[in-house]
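Only heavy atoms go into these numbers, but all of them, side chains included; no hydrogens, no water, no symmetry mates. Residue numbering restarts at 1 for every chain, and letters A, B, ... go by the order of the sequence lines.
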2 protein chains.
Amino acid sequence: MNISISQENYLKSILKLEASDGVATNQALAQNMESTPAAVTGMLRKLMKEGLIEYEAYHGARLTESGKHHALLTIRKHRLWEVFLVEKLNFPWDSVHSLAEELEHVGDEAFVNRLDEFLNHPVFDPHGDPIPDAKGVMRERPNLIPSNLAEVGDVFVVCGVVDSSSEFLRHLNQLGVKLGKSFQVYKRYAFDGSSEWKGNQGRLVTLSSHVSEKILIQLQS
Amino acid sequence: MNISISQENYLKSILKLEASDGVATNQALAQNMESTPAAVTGMLRKLMKEGLIEYEAYHGARLTESGKHHALLTIRKHRLWEVFLVEKLNFPWDSVHSLAEELEHVGDEAFVNRLDEFLNHPVFDPHGDPIPDAKGVMRERPNLIPSNLAEVGDVFVVCGVVDSSSEFLRHLNQLGVKLGKSFQVYKRYAFDGSSEWKGNQGRLVTLSSHVSEKILIQLQS
DNA sequence: AATATTTTTTAATCAAGCCTAAAAATTAAG
DNA sequence: CTTAATTTTTAGGCTTGATTAAAAAATATT
């Protein structure tokens, strides 16, 4: 039962949509895969025949245990490669996604586990997303909230992002916002929801609400 | 001008055949690619149209400068990945070829150059084969000879192999023969060409002529 | 319940790469 | 120079994954 690259990408997309919209329509999936509904139909049939999804027309697709396992292992590979690219090859965090997208389809489990060991079993990828363990179990990230929910005076650590697109990450680079850095909310402007943060050196950072909504933080006690 | 995985593999095969048989027939190429002459015809046309080879029926194919460059960069990737797999992920040298074969088709030049830097610009891969530099220039290996040409009493260092198949390498593992290790020729049996080597700790190793022919060595003055 | 809207499927095509088997072309040998 | 052997090409198909456009089915709305 060999899974093709295309099939792996479908499984990943289905997993993603299951997490957000509950159940996906073929159209939503087509959009996510940058493909067409007609193409999706054929692929879903194939995935069903291989026991990777359950599928009923007009009622969306759900991953089976096996399908979920494969999807999570693919995500594991992806995120481990991102760690490798950023930590070992010194790529900036905004430029590793597409490379990891290629690398995630290479090699078998033994290989990935050696990579994991080489990287010292990292738990989060460079965007703060949790890395599933060797058995394909997604680690839970503890109580992160979008930064726009923090109130004036709150101190917090940046732990993740909701949007991992290069554009967004590059914007954060410019602001000097990165994972692990801590800030205090300094001001909030009611009229547009934008906020100002004070960094460690007292430097002020201004963020629009669109940006702060996509930054995940952990409040300090 | 994007080159597909299949095309890259054809270029590699053509380069290899150019080095040995001079000019390759489609049939030789088909054999090398584990494919058929009919499949080769179509691909050679495509490669010619893209300026990667010169090709005339019944007279074989030659790489153009561009084609040679691409082939050498693919080999560079392959060998760098082999170094990574052996040195960083601790894979045995007899098991990295097929994985590297997959990895060699991933990523762009910037990526490979970062990998090269991370590995400290290695010059030889785990089988002793030279790694082309960033410009696609193959480094020359100095005066290596097959070990069966060494005479009784000669001291030498193992520097490479002609056959990188898992079976052969595993055989060398069993004999305790690896790159960098030095031996002295202890005996040679004229009737079948087999030889005995004495290792550093005085241990004796017996090699058939078929094996010693495939081991490349450098004589110690 | 009937109609309108959305969603999915079918049908016909395309493209890359590969296959087999038969035909054509070229080279080599007598 | 004619035949034999080799090599290459053509022809017809297969597979995977995609496409568009039209038809069919299900859901929603009135």
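Look at Ser6(B) and you won't find any side-chain N or O under 4.0 angstrom from OP1 or OP2 of dG17(C). For the pair Ser35(B) and dG17(C), the criterion of a side-chain N or O lying under 4.0 Å from OP1 or OP2 is not met. Using a 4.0 Å cut-off, some side-chain N or O of Thr36(A) falls inside it from OP1 or OP2 of dT19(D). Proximity of Tyr10(B) to the phosphate of dA16(C): no side-chain N or O atom is located under 4.0 Å from OP1 or OP2. Here His59(B) does not reach the OP1 or OP2 of dT26(C): none of its side-chain N or O atoms lies under 4.0 Å away.
In this structure, NZ of Lys49(A) is placed 12 Å from C1' of dT16(D), rounded to the nearest angstrom. Atom CD of Gln7(B) is separated from atom P of dA15(C) by 16 Å (rounded to the nearest Å).
Scanning atom types as modelled, one donor and one acceptor separated by under 3.5 angstrom connect the side chain of Tyr58(A) and the base of dT7(C).
Between the axis at the start and the axis at the end of the helix from dA1(C)-dT30(D) to dG30(C)-dC1(D) there is an angle of 10°, using five pairs per end and rounding to 10 degrees.
Residue-level contact check: Ala39(A) touches the bases, meaning some heavy atom is under 4.0 Å from a base atom.
Within residues 99-107 of chain B, no residue approaches DNA chain D, by heavy-atom distance under 4.0 Å.
Salt-bridge formation is detected for the pair Lys12(A)/Glu104(A): a Lys NZ or Arg NE/NH1/NH2 atom is positioned less than 4.0 Å from an Asp or Glu carboxylate oxygen.
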